[in-house]
Number of protein chains: 2
Amino acid sequence: MTTPLPKKSVRGSSSGVAIMAVFDLLGRKWNMRIMWELNSSYLSFRGLQERCDGMSPSVLNTRIKQLTEAELVFTTSEGYKLTELGLSLMNTLDPLREWAAEWEEKVAK
Amino acid sequence: MTTPLPKKSVRGSSSGVAIMAVFDLLGRKWNMRIMWELNSSYLSFRGLQERCDGMSPSVLNTRIKQLTEAELVFTTSEGYKLTELGLSLMNTLDPLREWAAEWEEKVAK
DNA sequence: AAAGTATGCTACGTATTTCGTAGCGGACTA
DNA sequence: TAGTCCGCTACGAAATACGTAGCATACTTT
């Protein structure tokens, strides 16, 4: 028979519930991308859509709501922008750009 | 009528195709989490499953394949481990832990 | 004022992804 | 030889993402 596996494990030794929440948020299609695009400039709904390979507006809308609720993004009359928290997140994520370059070089997608 | 929006936009000013590939990879449920867990210790298939809240083995399997193909994870007789590339990715992602703590504090999930 | 255009956003049917469970074939053990 | 563990797969169901049409609002243009 299959080993049942406990439904919810008590969080492992790699403690920190917070980071799990971040994984839930960022580990969702488009969220990182949206923030990445907003990091270089504020954008309108449709502008954001264009930058994100024409992602469907329905999904974009729910993503914006999520990111707004998470206080990473906010709306202005000029368009969507990153909050301070959002900006600081993108800063911590910044080294990823360099890593990506090395990775591409070695793995050659 | 709806504005058609070009199907595939020529990558925006925020250049870098590599980072987009990273977003595709990491912006998928479980991938970050799996690597996170493997960063603290190598794990067997079922061990990994337990750590990841009992995620379904079918998904775990496809994830492992993806990460292996991306050369971030490899298999040993002792279990799954991160490659050098995988380790360096987790290093660049490390500041995220601290950011997550601040974020949680301010937003209070 | 009427018509055109652009905006943010929603509805809704379809396609893709993820989930949950059962269970197979192999290895190792009693 | 039967029991138990393992990595992994099959497959139907649920959740998520997609694509398109189009509404309501606002601002321009004629």
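Only heavy atoms go into these numbers, but all of them, side chains included; no hydrogens, no water, no symmetry mates. Numbered from 1 within each chain, the chains take letters A, B, ... in sequence-line order.
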- [ ] Grab the CG-P distance between A:Leu25 and D:dT16 for me, whole Å please.
- [x] 14 Å
Task: Transitive ILVMFWY side-chain link B:Leu48 to B:Tyr42, under 4.5 Å - done: no
- [ ] Whole angstrom is fine here: how far is it from CD in B:Glu50 over to C1' in D:dC6?
- [x] 13 Å
Task: Ion pair A:Arg33/A:Asp53, N-O distance below 4.0 Å - done: yes
TODO: Using whole Å, report how far CD of B:Gln49 lies from P of D:dG7.
DONE: 9 Å
Task: Shared hydrophobic cluster, B:Leu87 / B:Phe74 (ILVMFWY, side-chain heavy atoms < 4.5 Å) - done: no
TODO: Kindly say whether B:Ala70 contributes a backbone atom to a donor-acceptor pair with the side chain of A:Trp103 at under 3.5 angstrom?
DONE: yes
- [ ] Treat a base pair as Watson-Crick or G-U wobble with both distances under 3.5 Å, then lay out DNA chain C in dot-bracket form, 5' to 3', with | for cross-strand pairs.
- [x] ||||||||||||||||||||||||||||||
So which protein nitrogen or oxygen atoms get under 3.5 Å of nucleotides 11-18 of chain C's nitrogens or oxygens?
residue	atom	partner	partner atom	Å
C:dT17	OP1	B:Arg28	NH2	3.4
C:dT18	OP1	B:Arg63	NH2	2.8
C:dT18	OP2	B:Arg63	NH2	2.7

Task: Between D:dA21 (P) and A:Arg46 (CZ): distance, integer Å - done: 13 Å
- [ ] Could you check how far CZ of A:Phe45 sits from P of D:dA26, rounded to whole Å?
- [x] 18 Å
Task: Atom-pair distance (OH on A:Tyr42; P on C:dT7), nearest Å - done: 14 Å
- [ ] Give the rounded distance in Å between these two atoms: CE of B:Met55 and P of C:dT21.
- [x] 15 Å
- [ ] Check the hydrophobic clustering (I, L, V, M, F, W, Y; side-chain heavy atoms under 4.5 Å; chains of links allowed) and say if B:Phe45 and B:Leu82 are grouped together.
- [x] yes
Task: Between D:dT20 (P) and A:Leu60 (CG): distance, integer Å - done: 16 Å
Task: side chain to side chain contact (heavy atoms under 4.5 Å, CB included) partner of A:Tyr80, the single match among A:Thr68, A:Ile34, A:Leu38 - done: A:Leu38
TODO: Go through the steps for B:Ile64 and B:Leu67 under the test side-chain contact (heavy atoms from CB on, under 4.5 Å), then give the verdict.
DONE: CA-CA 5 Å; B:Ile64 288 174; B:Leu67 294 172; 5.9 Å; no
Task: B:Asn31 side-chain N/O to B:Leu26 backbone N/O, donor-acceptor pair under 3.5 Å - done: no
Open item on the list: For the CD atom of B:Gln66 and the CH2 atom of B:Trp30, what is their distance to the nearest 0.5 Å?
Closed with: 14.5 Å
